[in-house]
Amino acid sequence: MGESVIWPCNDMESDEDIKLRKQSLKPIQTKIPNGTSPPPPSPPPPSSSSSSSSSSSSSEEEYDICDEEESDKEEEMPLSPTSRLFQEPKLNLHVVSIIGLKSKIDPVDVKANLPDTLLKNYRFSSVLVEDEEDGIMKWVRTKVDLDKHVIIPEVDESARSTRTSGDKFIEDYVHDLTKTYLNDEMSRPLWDLHILDIKTSEAESTAILRVHHSLGDGISLMSVLLSCTRQTSDPKASPTLITNKSNTNRKSEIEKGGFATKLLLFLFGIWWFLRLFLNTTIDLLVVAVSMFLYPNKGLPKIKGRPGTTQRTSRRIVFKNVSLDDLKLVKNTLNTTINVVVVGATQAGLSMYYDRRYGLESKIDAEGQNEKENKDSNPKKLIRLRSVVIVSVRQLVGFQLSNKIGNWIGYALLPLNIKLRDDPLDYVREAKANLDRKRHSLEAICTFGTIGLVYKIFGIKLASALFRRSSSSSSIAFSNLVGPLEEINFHGYSISYVASSTYGQPVELMVSFQSYMDKMSIVLSGDEDFFPELHELCDDITESLRRITNSVKEKEAVKEKDI
């Protein structure tokens with residue numbers, strides 16, 4: 001896609017500059033109990049460090065996640081621009097990972113192993129401090145009191161009666177968590193781990209890891225989580241993820257081509273660049289204009305809360321589906337998993353809104369069209385504006401680094417909500433839209449623009465710009481790739497991982513988390529706008545089933561013809 005200039009997320013100062021400024025650092029005081037101050041930073045570890053490494057071959061499609069230990073050469077690390085944005089009161093984002101385990105988990109055993117795993121990561125053992133002179137916020141290493149971070153709540157006996165009641169207990173527990181914010185008290189690292197000894201429909205116990213989004217984006221946090229685990233089949237082996245295929249073979253074929261081949265490729269490259277420039281220009285104009293337009297057409301009741309500081313809880317629900325079904329559709333239609341999940345979501349939203357508002361005109365007993373009620377607002381076509389969260393790391397080349405951060409951009413994606421006769425039409429439309437987005441620098445430009453505005457005009461204007469652009473949409477999409485095989489944390493095998501966020505200014509967050517042969521469909525919704533969140537999750541699951549069955553039927557017809 002060519003080289004692009006991206007604003008750096010971590011602008012590191014030299015060791016000498018940090019030492020000179022160290023005396024001017026002070027802990028941020030916000031709601032610290034009994035007037036106590038944050039624990040002092042621990043002495044820097046020895047100069048010897050173990051770096052993280054990922055073994056990957058240019059011809060292979062998988063790479064290993066190794067232990068991601070920090071170099072610890074610096075005592076202080078400044079926040080990236082995006083991480084600084086997430087510390088603003090109106091952009092207070094948190095990541096919640098619901099981890100199902102195949103056996104009961106011993107909290108004492110977990111605490112004993114965390115110092116050698118999770119706490120090896122710099123930000124999970126650091127607090128935020130602010131420089132008195134220029135107001136720059138930094139991570140500073142501190143001592144971690146695990147009793148304040150590992151929480152074992154009491155479980156009602158009624159919740160243990162059935163696995164269904166256990167599912168309800170976990171859902172309500174997470175719902176209560178979304179009412180609280182980790183950075184209300186800045187005297188300790190911004191994460192906690194909740195261990196619930198309760199059986200659910202898919203697990204014998206559950207661990208809930210809550211992390212403030214300023215610690216890192218989805219990919220970096222996933223790499224940290226996987227660095228704490230090993231493969232169940234081979235306790236010495238690290239988990240593996242899917243990475244992009246190498247283009248080495250394609251490059252060698254180009255080098256072997258003659259003059260005519262190279263000339264055609266040169267002309268194609270010019271056309272490719274012109275399309276990239278045109279698509280990027282149009283997309284950025286749409287982003288700018290969308291900040292001043294109503295996000296939805298056909299649904300006047302649905303709109304976000306841009307600029308509000310009101311804390312609203314989120315209901316987080318999820319369902320696990322077969323990843324093989326998604327791969328079947330992907331391979332048959334020659335597309336990607338992202339396209340399939342967006343198409344299934346668009347189909348599920350169409351079913352949901354048809355039930356609530358009526359997408360088609362209703363017919364009475366005599367065959368006459370009923371008069372449309374403006375309050376119920378039935379429409380044959382509803383247009384929603386969604387935002388797709390994109391990892392800039394993947395666009396510029398994903399690498400596992402010992403310094404995590406937030407490298408995320410976004411791209412606006414229109415959703416046409418209407419009933420279709422062929423379920424595959426939803427996937428085809430999603431493919432057309434996302435293929436065009438892939439040939440655009442919209443996500444990289446939005447990421448770089450926020451960083452540039454932050455550097456030039458400060459956090460207030462950057463926060464207002466990011467919040468305004470985010471709240472101009474009603475739905476956000478996120479897809480996170482998990483390990484290919486079963487993993488465990490010091491002997492505790494993991495059944496599933498379902499991750500989502502809360503604190504975002506959009507009404508609905510649709511997240512997809514893969515793990516082994518499963519895909520978790522996770523919805524984080526505002527119940528004021530999506531009171532039937534379980535039904536919406538069922539609609540998306542049912543839509544995926546219909547899409548898969550349609551593919552199987554078409555394949556069966558082709559085999560008969562052959």
Side-chain angles (χ1 to χ4, degrees), residues 1-9 54 56-63 217 219 241-290 327 329-343 386-401 407-414 427-452 469 477 479 481:
M1 213 160 58
E3 294 184 358
S4 303
V5 179
I6 299 179
W7 197 261
C9 275
S54 58
S56 62
S57 172
S58 60
S59 60
E60 293 180 348
E61 196 176 354
E62 300 175 0
Y63 62 88
D217 55 24
I219 287 182
L241 294 175
I242 297 177
T243 185
N244 294 328
K245 294 182 179 180
S246 172
N247 293 325
T248 304
N249 296 334
R250 186 180 301 175
K251 292 179 180 178
S252 61
E253 292 177 359
I254 294 174
E255 292 175 356
K256 294 179 181 179
F259 175 78
T261 301
K262 294 180 179 179
L263 178 61
L264 290 176
L265 290 175
F266 175 75
L267 296 176
F268 175 79
I270 295 177
W271 169 242
W272 182 92
F273 177 79
L274 291 176
R275 284 183 56 209
L276 179 69
F277 177 78
L278 181 62
N279 289 344
T280 302
T281 303
I282 294 175
D283 290 339
L284 293 180
L285 287 175
V286 171
V287 170
V289 174
S290 66
K327 290 181 179 179
V329 180
K330 174 185 79 75
N331 295 332
T332 303
L333 299 182
N334 190 26
T335 183
T336 64
I337 293 292
N338 285 337
V339 169
V340 178
V341 295
V342 170
S386 66
V387 57
V388 180
I389 308 301
V390 181
S391 171
V392 177
R393 298 172 191 268
Q394 292 177 322
L395 296 180
V396 300
F398 175 76
Q399 293 180 349
L400 288 177
S401 171
W407 286 61
I408 54 176
Y410 64 89
L412 296 183
L413 183 69
V427 182
R428 296 187 184 101
E429 182 176 345
K431 176 178 171 56
N433 290 331
L434 287 176
D435 283 352
R436 184 190 172 281
K437 292 294 180 179
R438 289 172 60 186
H439 198 66
S440 170
L441 299 179
E442 179 181 1
I444 294 179
C445 289
T446 53
F447 167 74
T449 299
I450 296 298
L452 185 63
S469 59
F477 287 98
N479 185 17
V481 179

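Every value quoted in this text rests on a predicted model; they were computed, and no experiment measured them.
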For this session: Starting at CD1 of I389, measure out to OG1 of T446 and round the result to the nearest 0.5 Å.
Result: 9.0 Å

Problem set entry | Gap between atom OG1 of T332 and atom NZ of K327 - 0.5 Å precision | 13.5 Å

For this session: Mind listing the closest non-hydrogen atom pair of G343 and A430 along with its distance?
Result: N-CB, 3.8 Å

Exercise. Are side-chain heavy atoms of Y410 and V287 found at a separation under 4.5 Å?
Worked result: yes

Problem set entry | Heavy-atom check, side chain of L274 versus side chain of L278, under 4.5 Å | no

Seminar exercise, completed: On a heavy-atom basis, the closest approach of G409 and F447 is CA-CB, 4.0 Å

Seminar exercise, completed: What one should report as the nearest heavy-atom pair of L412 and S290 is CD1-OG, 3.3 Å

Seminar exercise, completed: Closest non-hydrogen contact found for N433 with P414 is ND2-O, 3.9 Å

For this session: Using the side chain to side chain contact (heavy atoms under 4.5 Å, CB included) rule, pick out the option among K437, E442, R438, H439 that qualifies with N279.
Result: H439

Problem set entry | Distance in Å, F277 CZ paired with I282 CD1, rounded so as to fall on 0.5 Å steps | 10.0 Å

Exercise. Minimum heavy-atom separation for V341 to N338, with atom names?
Worked result: CG2-O, 3.1 Å

Problem set entry | Shortest non-hydrogen contact between V342 and L413, atoms and distance | CG1-CD2, 3.9 Å

For this session: Answer whether the closest heavy-atom distance between the side chains of L264 and F268 falls below 4.5 Å.
Result: no

Exercise. To the nearest 0.5 Å, what is the distance between CG (D283) and CG (L441)?
Worked result: 9.5 Å

Seminar exercise, completed: Per side chain to side chain contact (heavy atoms under 4.5 Å, CB included), V329 is matched among V339, V340, T335 by V340

